[in-house]
2 protein chains.
Amino acid sequence: MAEQAETLRRAPLSRDRILRAAVALADAAGIESLSMRNLAQELGVVPMALYKHVANKDELLDAMIDLVVGEIDPPTPGADWKQDLRRRVLSARQALRRHPWAPLAIETRNMATPALLAYLDSVVGTLRAGGFSANLAHHVMHAMGSRILGFSQELFDTARDAGRSGRTTPAPPTAALPPEVAARFPHLAEIATAASHDDASVVGQGCDDQFEFEFALDLLLDGIERLQQQAWTSARRTR
Amino acid sequence: MAEQAETLRRAPLSRDRILRAAVALADAAGIESLSMRNLAQELGVVPMALYKHVANKDELLDAMIDLVVGEIDPPTPGADWKQDLRRRVLSARQALRRHPWAPLAIETRNMATPALLAYLDSVVGTLRAGGFSANLAHHVMHAMGSRILGFSQELFDTARDAGRSGRTTPAPPTAALPPEVAARFPHLAEIATAASHDDASVVGQGCDDQFEFEFALDLLLDGIERLQQQAWTSARRTR
DNA sequence: CTTGACAGGTGTACGGCGTACACCTACCGT
DNA sequence: ACGGTAGGTGTACGCCGTACACCTGTCAAG
């Protein structure tokens, strides 16, 4: 009786509700505690109920990724390719930062979800419209690698285990190494502390992930721009 | 009796033997079938026996990573930073290609194994010796990202699921997309087929991962070199 | 030579996982 | 009124990592 009432009280299960709950759970508690059992409990339902709406856990993960990728800004048709690409990559970064589990999930999956393909396709479209040859566009996609999705496998990533163990405390950005480590790896110790971002006058010591990401992104984009101009020049020369 | 004989026949277990067997198993059967139980069976031993030599599976994985990272070429003290860095990154790539499970394992771990730190430290050392400021070296490490370890999360990676499901068949490099996909993502379809690597005359159509990796690597290294010269110039100017 | 500590392999067991399969039940179109 | 079906349930299986008690062979100290 009471059980019936509860059954009636809760919203009926649906693929959409499951996906939302899954993303919320992964956001809050980390991807490693997203089990079918936990998720079901979160929804007030028995684990096997989920399987009436998703084929299995892999499909669930794919759908979650698509949800996140869907948050990335659409392209701006008229715009300059470089600006537009930069903007979208940073938008991708924001999206993935809202869901710290996503990079790991993306890398783990087999990498062919529809939303992901659509995003990549649109990026290539921007390049082609910007005058890139199919060939050069191909190379550029490889060169950008996972950075095109807004992450770069930061080698010392504070935000990274957020994808595993839940929300991080804000955490001082990459504090200095423990002294015994610093002693054995002097060069790492040196660069860990030294990271002012302008020529001078930056308050926060330590490492600003966002700055580093944009630094690398612009390094790539500038190099790519040079390549494109080269290609254009040489095409003109042989005309 | 027979059991005793067998016990005596097999070499005594040791941390080293376990690590070797674990790497071999992951190489041959994929990281996902490296379970403590499988590994123990491979060694003709009961699962719990392993725990006399490794603390737990995480520690085992860390040790495996260190083994792989240890295969990377050491630096050449006198050499030009750019050449040396290029050579070592390509050496890292070779090492990780011998163990397709390693990139995923590295990304999954918490990223602080001794051999890895030593490698990174030596790379920074090369940069510093090459005249990079600690600051610029820091940025460069971020810019290189996982590429410094010889992989780059190729977005369509044929070799990638080798790390999961075992040795791949040689496999034609990134064959064309299935037609219904190609129709929905025209730009992807276009660049999937178009990928000649020189200006002309390349026999194999399709995508050569090694070429793409070096392309991106050189794009970065060239950009980095330019930055360094800039820094040097401006330092000279203000002298 | 005895003894007792200890290193190293064994057996059992627990809790968690994904999910196959049989079931039950409420609703809906005929 | 009734059969089908969509959707939630319960049980169970085979994996996983690993805690814990146990056994056994080796070897140093008495």
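These values consider heavy atoms only, across backbone and side chains, with no hydrogens, waters or symmetry-generated copies. Throughout, a chain's letter reflects where its sequence line sits, starting with A, and its residues are numbered from 1. Keep in mind that what you see is a predicted model, and the values were worked out from it rather than measured.
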Atom [atom1] of [X] to atom [atom2] of [N]: distance rounded to whole Å?
X: A:Lys52; N: C:dT19; atom1: NZ; atom2: P; result: 15 Å
X: A:Arg15; N: D:dG8; atom1: CZ; atom2: P; result: 14 Å
X: A:Asp58; N: C:dT19; atom1: CG; atom2: P; result: 7 Å
X: B:Gln41; N: D:dC15; atom1: CD; atom2: C1'; result: 13 Å

### Query
Between the two end axes of the helix from C:dC1-D:dG30 to C:dT30-D:dA1, each built from 5 base pairs, what angle do you get to the nearest 10°?
10°
### Task
Indicate whether OP1 or OP2 belonging to C:dA7 is found under 4.0 Å from a side-chain N or O atom of B:His53.
no
### Query
Could you go step by step and tell me if B:Leu117 and A:Arg184 meet the side-chain contact (heavy atoms from CB on, under 4.5 Å) rule?
CA-CA 9 Å; B:Leu117 287 172; A:Arg184 304 210 318 148; over 6 Å; no
### Message
Keeping A:Asp84 on the side-chain end and A:Pro75 on the backbone end, is there a donor-acceptor pair under 3.5 Å?
### Response
no
### Message
If we ignore hydrogens and angles and just use 3.5 Å, is the side chain of B:Ser146 paired with the main-chain N or O of B:Phe151 as donor and acceptor?
### Response
yes
### Query
If you look only at pairs with a residue in residues 58-67 of chain B, which of them pass as a side-chain hydrogen bond (donor to acceptor under 3.5 Å, both in side chains), with sequence neighbours excluded?
B:Arg15-B:Glu59, B:Asp58-B:Arg109, B:Asp62-B:Arg109, B:Asp66-B:Thr113
### Message
Take a 6.0 Å sphere around CD of A:Gln210 and say whether it holds more than 12 heavy atoms from other residues, nucleotides or ligands.
### Response
yes
### Query
Who passes ring pair (Phe, Tyr, Trp, His ring centres under 6.0 Å) against B:Phe215, sequence neighbours left out?
A:His139
#### Entry: Closest-nucleotide ordering on DNA chain C, the 5'-leading residue of B:Ser14 and A:Met48
B:Ser14
Atom pairs, N/O to N/O, protein against nucleotides 15-18 of chain C, distance under 3.5 Å?
residue: C:dC17; atom: OP1; partner: A:Ser35; partner atom: OG; Å: 3.0
residue: C:dG18; atom: OP1; partner: A:Met36; partner atom: N; Å: 3.4
residue: C:dG18; atom: OP1; partner: A:Lys57; partner atom: NZ; Å: 2.8
residue: C:dG18; atom: OP2; partner: A:Met36; partner atom: N; Å: 2.9
residue: C:dG18; atom: N7; partner: A:Arg37; partner atom: NH1; Å: 2.3
residue: C:dG18; atom: O6; partner: A:Arg37; partner atom: NH2; Å: 3.2

### Contacts of A:Arg88 that satisfy salt bridge (Lys or Arg N to Asp or Glu O under 4.0 Å) - sequence neighbours left out
none
### Task
Sequence neighbours left out, what passes side-chain hydrogen bond (donor to acceptor under 3.5 Å, both in side chains) with B:Arg86? Give chain and number order.
B:Glu214, B:Asp218
